[in-house]
Each structure stands twice: as C-alpha cells, then as structure tokens.
Amino acid sequence: MLELRLVQGSLLKKVLEAIRELVTDANFDCSGTGFSLQAMDSSHVALVALLLRAEGFEHYRCDRNLSMGMNLNNMAKMLRCAGNDDIITIKADDGSDTVTFMFESPKQDKIADFEMKLMDIDSEHLGIPDSEYQAIVRMPSAEFMRICKDLSSIGDTVIISVTKEGVKFSTSGEIGSANIVCRQNQTVDKPEEATVIEMQEPVSLTFALRYMNSFTKASSLSDQVTISLSSELPVVVEYKIAEMGYIRFYLAPKIEE
Amino acid sequence: QCIQKKITEYFSKN
C-alpha cells in the first residue's frame, strides 16, 4: 500500500513538465526515504535524478519499496487536470498495475480520481558517486534559462568556462559567435538574485545546448540553479525543490576527438 | 570536431 499526500500539488505538475521532454518512460521508486526517479534520455547522453523526500509530504505511507513504471506524457496529461492549488495524493496497492492520482481542491469541494495504467520498464540504474567539482556556479535560474535560449539561436553547443573572472558561456555558428560572462555578485538585496562562483581550479567544458535548454524547463521549481563542473565528469545542473528535495540533470560533455 | 560522450561512460550500472 502506497499513499503520498502532497499539499503543494503544483510541485508535482512542475516536476513532470521539467522532465517529460527528456524522458518518455520512467520508473518512479517509492521507499521510506521518499519518492524518487532516475532515468536517462534515449541517447544515454543525459540523466535526470529526482528526489522528493518523505518528510516533504503531509502524509507518507509506503509499506514496502515499490517501483512504478509510468509513461511521463500520460502522467502529465493526468496531472494537467489538477488545479494549481490542488492537493495531490498518489495511491497504489501492492501488486496493482495501476496508480491513482487524487486531486482535492483547497476548499475540499471538488475531489477527482484519475487512474493510470502502469507499465513494465526495463531501466538501467546507474551509481552516481559523490564527487568533488572543480567549479560550482550558483546563479538565478531565469538568467541561466535566458542564456541557454539566447545562445541556441546562434549555435548548437555551449562552452562553459569558469575562471576567477567569472563564468563564461560561449557559442558559435554559421551566423557568428557569442560570449556571455556572468561575474560573481553577492551584493544584491535578494539572495535569489545572487551569482556565486566557487572555483577550485579553472575549468572549461563543451555541452549540447539542446539538452541544456531542456533542463531549464525546471526553472519554475527554483529561483536558483547550481551548475557543478569538472573536466572528468558530466556537468550537474541542479534545481532544489523547496523543503523537499531536488531535480538534478547530468549531461555528458562533448570532447575533442 | 567534438564527439558526444555518453553518461554510461562515466557512471556504471548499479
């Protein structure tokens, strides 16, 4: 028996919108720790890891570890039927091949049940080691989204370089080239507008903008994004989900042949 | 010319 009640149901709606472009089918894993997902895109270039901790739910019952295979487009179709202020409850019985999403309006005057068929998904689960990164950039998520969008109208790849001067996003294409430098800025009144750069050593890596743009669909979950870079590792683009957990996107770099 | 690496080249199966 599984029963997870999320008062801020809009968070789940936003999570789905953030990942459904990248991943079509995925297993949602439910355990005592929380509700989680790990999935790769079809080319195995990017990986998404989601965690919604048990403590973040108003009610969290998970009698035994359960893995539920869902088609994310179908799940998004159902969650779009929930109001932004609705409370969402996810329910499943042990051994059942369906999951139920229950939507309650804030005034409790409307209650809806949507039952969705589960699917068997053969997914690879990768071990992600804890790593030290050469540079960690924290910046406003809206700014990062704007940069990725702007650069993708010029080129297909972005070179992200961190030096003591700041973080530079560069691209080039048939029509020309572009460089955007963001400097550290902690003097702003609002912490969500800060740009903070922690650099152990300079690093420069190249990534496909198509994936970066897809990651920025998570921007509505968090005012800030954290970009962790090391020359020997995939970049981590992390959006914290208030009080509950995170959504992390890993993207393998492009390497000179 | 750049080649696109895969995630599975960095992280191994659990």
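Residue numbers begin at 1 in each chain, while the letters A, B, ... track the order of the sequences. Predicted model only: the values in this text are computed from it and were never measured.
- Put simply, CD on A:Glu124 and CZ on B:Phe11 are 14.0 Å apart, with the number rounded to the nearest 0.5 Å.
- Closest non-hydrogen pair, A:Val45 versus B:Lys5, comes out as CG2-O, 4.1 Å.
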Name every donor-acceptor pair, under 3.5 Å, that has one atom in a side chain of residues 201-212 of chain A and the other anywhere in the protein, sequence neighbours excluded.
residue, atom, partner, partner atom, Å
A:Ser204, OG, A:Ser161, OG, 3.1
A:Tyr211, OH, A:Asp41, OD2, 3.0

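- Near-neighbour residues of residues 128-140 of chain A relative to chain B, defined by a heavy atom under 4.5 Å from a heavy atom of that chain, comprise A:Ile128, A:Pro129.
- Other residues, nucleotides and ligands contribute more than 12 heavy atoms inside 6.0 Å of the CG atom of A:Asp94.
- With rounding to the nearest 0.5 Å, the separation of OG in B:Ser12 from NE2 in A:His125 is 12.5 Å.
- To the nearest 0.5 Å, the span separating NZ on B:Lys6 from CG on A:Leu47 amounts to 13.5 Å.
- Closest of all the heavy-atom pairs between A:Ala252 and B:Gln4 is O-NE2, 2.8 Å.
- The parts of A:Glu256 that come within reach of chain B are both its backbone and its side chain, each placing non-hydrogen atoms under 4.5 angstrom from that chain.
- For A:Asp63, the CG atom is densely surrounded, since the number of other residues' heavy atoms within 6.0 Å is greater than 12.
- Considering only heavy atoms from C-beta on, B:Ile7 comes within 4.5 Å of A:Leu126 through its side chain.
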Next on the checklist: B:Tyr10 vs A:Tyr250, test: ring-ring contact (aromatic ring centres under 6.0 Å, His included). Steps then yes/no.
Outcome noted: CA-CA 11 Å; B:Tyr10 297 90; A:Tyr250 297 82; over 10 Å; no
